[in-house]
Number of protein chains: 4
Amino acid sequence: MSQAPDPETGDRPVRRHDPDRAARIVEATVDVIAEHGVAGTTHRLIAAAADVPLGSLTYHFTGLDDLRAQAFALHAERMAVKYEAHFADAASLDDVVEAVTDLVHADADADDRDWAVAYELFLAALRDPALRTVTESWMRRSRGVLERFVDPTTSRGVDALVEGLVMHKVLSIRPVSRAETREIIARAVRPTTPQELPR
Amino acid sequence: MSQAPDPETGDRPVRRHDPDRAARIVEATVDVIAEHGVAGTTHRLIAAAADVPLGSLTYHFTGLDDLRAQAFALHAERMAVKYEAHFADAASLDDVVEAVTDLVHADADADDRDWAVAYELFLAALRDPALRTVTESWMRRSRGVLERFVDPTTSRGVDALVEGLVMHKVLSIRPVSRAETREIIARAVRPTTPQELPR
Amino acid sequence: MSQAPDPETGDRPVRRHDPDRAARIVEATVDVIAEHGVAGTTHRLIAAAADVPLGSLTYHFTGLDDLRAQAFALHAERMAVKYEAHFADAASLDDVVEAVTDLVHADADADDRDWAVAYELFLAALRDPALRTVTESWMRRSRGVLERFVDPTTSRGVDALVEGLVMHKVLSIRPVSRAETREIIARAVRPTTPQELPR
Amino acid sequence: MSQAPDPETGDRPVRRHDPDRAARIVEATVDVIAEHGVAGTTHRLIAAAADVPLGSLTYHFTGLDDLRAQAFALHAERMAVKYEAHFADAASLDDVVEAVTDLVHADADADDRDWAVAYELFLAALRDPALRTVTESWMRRSRGVLERFVDPTTSRGVDALVEGLVMHKVLSIRPVSRAETREIIARAVRPTTPQELPR
DNA sequence: AATGAATGAGTATTCATTCAT
DNA sequence: TATGAATGAATACTCATTCAT
């Protein structure tokens, strides 16, 4: 609409006046990270993915670090939103167990590609503390959702479990059964009964 | 003896004849990955860390990929050995809970540095299926240890939980309490009692 | 004008904005091939010959192969043009014989240096079929010129003879007489009279 | 025979006492040049082709240049011998025409691979005058063979023609007809009749 | 006498970033 | 304001040659 092709020549809409170009570049960066990893993310690949000239990247962003940080922030925001939406209709603990199982088995909206970007973010945050604000706020939101159903400690445990299970599932050579995943989650979600622990 | 450094000058012993140089290079590679990440791992850094000339790397290894793979294999082997040793004296489920908690809180031999390399491996394996044999065999050994105490499903759950909890702990801005970690693990280790799940 | 070298220091005019730099690089590549052969042609030598920074080569060309191919194409084009111009005024078969003799004895514009590049091209084309389009089109043009005077079979023979004679002349330790060359060519140019072949 | 495997162990004949190892290395060098060109000829490839340890090359030869020169000398010698043998039974000029045609069309023993090495030699000799003694003596022998049938000038012309025709044939995208080649050669072999040249 | 580990100079190529236009 | 040509530092990797064993 706003970026209609030039009515005079008709060919090659030179894309003058391109608002939210910056936003499009950030989205393209997420895609490139998903496909090539942080290590393989270059200005050139992003420019190609966003269909913008190379110089546009350093015009709108201070550098690759800036771009990466914004891409991760966008991704974390989207993952959190999906996460929240996913539990919107949960009423019982059974619903929660089912929802978490869906999450791990990608029946939710988040697929392997999304998780790959998430792990890229975790690893990057390990080395760059500036990214911890992104991971921290994402994790807080995830736990907040779960805390509508379970106590904070359980919430933290389930959240950690999801990340570990997804990693196992993605790295596993043989498929992991949904029933087993469900069973594992069910135990973690179960309310605290510490005296049950046998010798 | 015969190739002792020149006692006169003392500088640059020229280091001809250096057996298990290849092994030392692999160890240096683990160190470099720990410090700079896979993305920051270069021939130059490894050569400097191992104190060998640059050409030595491509003489002993086919390339950086080869070197990385061998470094990861070495690291996984060492982590598995530590893991196994860590549970050697465990007798009760209480011992297991304590041992797993130690694992997460780095009271075991594995410290943050070791886990950083582990996560580098996980992420690398996500993109390079050739590395899955390393992750797979490591995970199998970890679960094998736990299966001396709990059923296979529980074992898988605990293993995943450990990875998730370490990640949370490492990425967290505020420290995570050991008591909370212990509580989470205790629930996961607890034997299966599915009927307990309330509505 | 605006990018004149700094009148104060005078050194390194920084050479921003350099149109047809790519063309200059290709020409420099021909020179380097002439002087060092394909085997001795490196990015560094070409960059030095063209007086451009190293990174400029891979900015404008996909790699050394690309650069070599374009250099050979340029050279073949120039050789063909010289060849054609050389026969422009030929009217009789005698003129043709003289022109061909000139060609071999470098009285034409093509000198030993040009022929060296040509032989580099031939050898490269032997191993890289992609270069055959260059050699093929050059040879077709050469024969086209000769076919204004002689039949196609004769044309092909003369063309092959020129290449062989130049090679012999260039490789010979003792000089080859122009009269002998002329005699050899005269026989090849002579019209077809197959019945003359004696027993 | 002389290099029988070690009778004690039986496995891996360590090839102690290996006379004519030097000769075998030179032959391997010819093979490597044929397959990879002079530019792609390395110590490692030669050692692998000759099945000798790397250090053996610099033990028996002063360097790669030495090795190359000896390989070219061997090849030229073999080509000359083939050439001579090829004309041994020729009695008439017709036989000569046929023999030369065979030469170009590889019906003789020399195949494309042999010619590739020959052109590698020519090009190398262009840059390294030391190799001219090899090319010169080879060409002299070729012409000597032909001079049993034709005058020296014709001989030189035919020799040059063969090289040009083989080059054309090898580089041509479409096959060159044997009949056309024969026709071209027949004219070159024909005895001198200079007055025939028409205006 | 023979070898293979060792090395450093050299190779092509990539790429974040700058900046004249 | 926006761009794409330009650049130099850095990368992985090759290889002839040396030399301790």
Side-chain angles (χ1 to χ4, degrees), chain A residues 14-18 21 39-47 52-68, chain B residues 2-3 12 14-22 39-47 52-68, chain C residues 2-3 12 14-22 25 39-47 52-68, chain D residues 14-18 21 39-47 52-67:
Chain A
V14 191
R15 207 186 308 265
R16 297 263 158 193
H17 185 59
D18 180 9
R21 166 177 285 194
T41 297
T42 68
H43 273 139
R44 281 169 160 73
L45 280 175
I46 297 168
V52 298
L54 190 57
S56 196
L57 302 199
T58 45
Y59 180 75
H60 290 286
F61 304 88
T62 66
L64 210 46
D65 287 344
D66 180 21
L67 212 28
R68 258 197 304 256
Chain B
S2 62
Q3 68 268 27
R12 275 207 290 164
V14 187
R15 203 195 305 267
R16 289 288 175 144
H17 185 58
D18 177 8
D20 38 75
R21 167 178 286 199
T41 298
T42 68
H43 273 140
R44 279 168 158 75
L45 281 174
I46 297 168
V52 297
L54 208 49
S56 198
L57 302 200
T58 44
Y59 176 77
H60 288 286
F61 304 89
T62 65
L64 212 45
D65 287 345
D66 181 21
L67 211 30
R68 258 197 304 254
Chain C
S2 63
Q3 68 267 29
R12 274 208 290 165
V14 187
R15 205 195 303 266
R16 290 288 174 142
H17 186 57
D18 179 7
D20 39 75
R21 167 179 285 198
I25 292 172
T41 298
T42 68
H43 272 139
R44 280 169 158 74
L45 281 173
I46 297 168
V52 297
L54 206 48
S56 197
L57 301 200
T58 44
Y59 176 77
H60 288 285
F61 304 89
T62 65
L64 211 46
D65 287 345
D66 180 22
L67 211 30
R68 259 196 303 254
Chain D
V14 190
R15 208 186 306 266
R16 298 262 155 195
H17 186 58
D18 179 8
R21 166 178 285 196
T41 297
T42 69
H43 273 139
R44 280 168 161 73
L45 280 175
I46 296 168
V52 298
L54 190 56
S56 196
L57 301 200
T58 45
Y59 179 76
H60 289 286
F61 303 87
T62 66
L64 210 46
D65 287 344
D66 180 22
L67 211 29

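Protein chains get the first letters and strands the later ones, always in sequence-line order, with residue 1 at the start of each. Bear in mind the structure is a predicted one, so any value in this text is a computation, not a measurement.
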A.B. asks: Closest approach of A/Leu45 and A/Gly40, non-hydrogen atoms and distance?
C.D. replies: CD1-O, 3.1 Å
A.B. asks: Can you tell me how far the NE2 atom of D/His60 sits from the CG atom of D/Leu67, to the nearest 0.5 Å?
C.D. replies: 11.0 Å
A.B. asks: Given F/dT3, E/dA16, E/dA2, which nucleotide is nearest the side-chain atoms of D/Arg21?
C.D. replies: E/dA2
A.B. asks: Look through every strand shown and name the nucleotide pairing with F/dT11 as Watson-Crick or G-U wobble, where both distances are under 3.5 Å.
C.D. replies: E/dA12
A.B. asks: From the options E/dT17, E/dT13, F/dC13, select the nucleotide whose nearest atom is closest to the side chain of A/Thr58.
C.D. replies: E/dT17
A.B. asks: Could you tell me the separation between the CG atom of C/Leu57 and the OG1 atom of C/Thr62, rounded to the nearest 0.5 Å?
C.D. replies: 11.5 Å
A.B. asks: Name the residue closer to the 5' end of DNA chain E, choosing between A/Asp65 and B/Ala22 according to the nucleotide with the nearest heavy atom.
C.D. replies: B/Ala22
A.B. asks: Among E/dT3, E/dA12, F/dA12, which is the nearest nucleotide to the side chain of D/Pro53?
C.D. replies: E/dT3
A.B. asks: What is the distance, to the nearest angstrom, from the CG atom on D/Leu67 to the C1' atom on F/dA16?
C.D. replies: 12 Å
A.B. asks: Quick one: on DNA chain F, does C/Gly55 or B/His43 contact a more 5' nucleotide (nearest heavy atom)?
C.D. replies: C/Gly55
A.B. asks: At less than 4.0 Å, is any side-chain N or O atom of C/Tyr59 found next to OP1 or OP2 of F/dA6? Yes or no.
C.D. replies: no
A.B. asks: F/dA12 P sits how many Å from B/Asp66 CG, rounded?
C.D. replies: 14 Å
A.B. asks: Rounded off to whole Å, could you give me the CZ-to-P distance for the A/Phe61 and E/dT18 pair?
C.D. replies: 16 Å
A.B. asks: Quick one: A/Ile46 CD1 to E/dT17 P, roughly how many Å, whole number?
C.D. replies: 11 Å
A.B. asks: What integer distance in Å separates C/Leu54:CG from E/dT13:P?
C.D. replies: 11 Å
A.B. asks: Where the side chain of C/Leu64 is defined as all heavy atoms beyond and including C-beta, which of E/dT13, F/dC13, F/dT17 is the nearest nucleotide?
C.D. replies: E/dT13
A.B. asks: Measuring from C/Ile46:CD1 to C/Thr41:OG1, what's the distance to the nearest 0.5 Å?
C.D. replies: 6.0 Å
A.B. asks: Check whether any side-chain nitrogen or oxygen of A/His60 sits under 4.0 Å from OP1 or OP2 of F/dT1, and answer yes or no.
C.D. replies: no
A.B. asks: Of the nucleotides E/dA16, F/dA16, E/dT11, which has the atom closest to the C/Arg44 side chain?
C.D. replies: E/dT11
A.B. asks: Report which part of the nucleic acid D/Thr41 touches: base, sugar-phosphate, or nothing (heavy-atom distance under 4.0 Å, all strands).
C.D. replies: sugar-phosphate
A.B. asks: Report the distance from atom CG of C/Leu57 to atom P of F/dG8, rounded to the nearest whole Å.
C.D. replies: 13 Å
A.B. asks: Under a 3.5 Å cut-off for both contacts, is E/dT3 paired Watson-Crick or G-U wobble with anything, and if yes, with which nucleotide?
C.D. replies: F/dA20
A.B. asks: When rounded to the nearest 0.5 angstrom, what distance separates CG in C/Leu64 from NE2 in C/His43?
C.D. replies: 4.5 Å
A.B. asks: If you check every side-chain atom of D/Thr42, which of E/dA12, E/dA16, F/dA16 has the closest atom?
C.D. replies: F/dA16
A.B. asks: Ignoring backbone atoms, test whether D/Ser56 places a side-chain nitrogen or oxygen under 4.0 Å from the OP1 or OP2 oxygen of E/dT3.
C.D. replies: yes
